Engineer: 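For reference, the structure I am asking about is given below.
Because the structure is predicted, anything quoted here is derived from the model rather than measured. Keep in mind that the numbers below use all heavy atoms, side chains included, and drop hydrogens, waters and symmetry copies. Just so you know, ligand 1 is whichever comes first in the structure, and atom 1 is the first atom listed for that ligand.
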Amino acid sequence: MKLNKRIDPGLIGFDIDGVVADTAEAFIRLARSDYGVDNIFAEDITEFVVEDCLPLDAELVGEIFKRLLVAPIESGLKPMAGAVEVLWDLSREAPLTFVTARPLKEPIELWLENVLGNSVFKKARLIAMGDHNGKAEHIRDLGLKYFVDDRAETCMALAKENITPIVFHQPWNRGRHNLKSVDGWGSIRELCL
Ligand SMILES: [Mg+2]
């Protein structure tokens, strides 16, 4: 799908993990530093369900993701390259909107405030849904027409509901869709600004 016109920054929303936050980097770093796992790399994460593609048991994967869920700041979760700069520039045009499948709002809210700074954060909207399914209804209720997400299944579900998905390129969505995609925050800037 081609998008020819500039996207109104007030009509686009963002997923957090894998889009704003470099969750894969944090996952791999924690696995290495705290659990002695030194044979996993971001490009090997070719499945959204990490234990399906990495030589790790589901219990360990669950433990690391729980830390990233409960304590993203303490886990050293970092923003994706360019994310903060582009979000700052977008926030000058319209308030930012984030919709995450995370079930716990407060930790990621604090993380987002930490990353964006209070003045940009306090004008932003953040929805923590607690489910990977049903994002379309939330996004529509928020009045958005475009949404950036790294999960191919979510993007395909959005397309069915007349929301234009933009797939944020990651190893786990490669070859799983033929939707509009971006390879990073520089491309999001080009689409919106
Ligand atoms: Mg995500």
Engineer: Could you check whether any side-chain heavy atom of Val20 comes within less than 4.5 Å of a side-chain heavy atom of Trp111, counting everything from C-beta outward?
Structural biologist: yes
Engineer: In Å and rounded to the nearest 0.5 Å, what is the CD to CG distance from Glu137 to Leu158?
Structural biologist: 9.5 Å
Engineer: Tell me if a side-chain donor or acceptor on Arg32 pairs with a main-chain N or O of Asp38 at a distance below 3.5 Å.
Structural biologist: no
Engineer: With sequence neighbours left out, what residues match Lys78 under salt bridge (charged side-chain N to carboxylate O under 4.0 Å, His left out)?
Structural biologist: Glu25
Engineer: How about the Mg ion (ligand 1), which protein N, O or S atoms come within less than 2.8 Å?
Structural biologist: Asp15 OD2, Asp17 O, Asp150 OD1
Engineer: I need the Gln170 CD to Asp149 CG distance, nearest 0.5 Å.
Structural biologist: 10.5 Å
Engineer: Is it true that Lys135 and Asp15 have a side-chain N and a carboxylate O under 4.0 angstrom from each other?
Structural biologist: yes
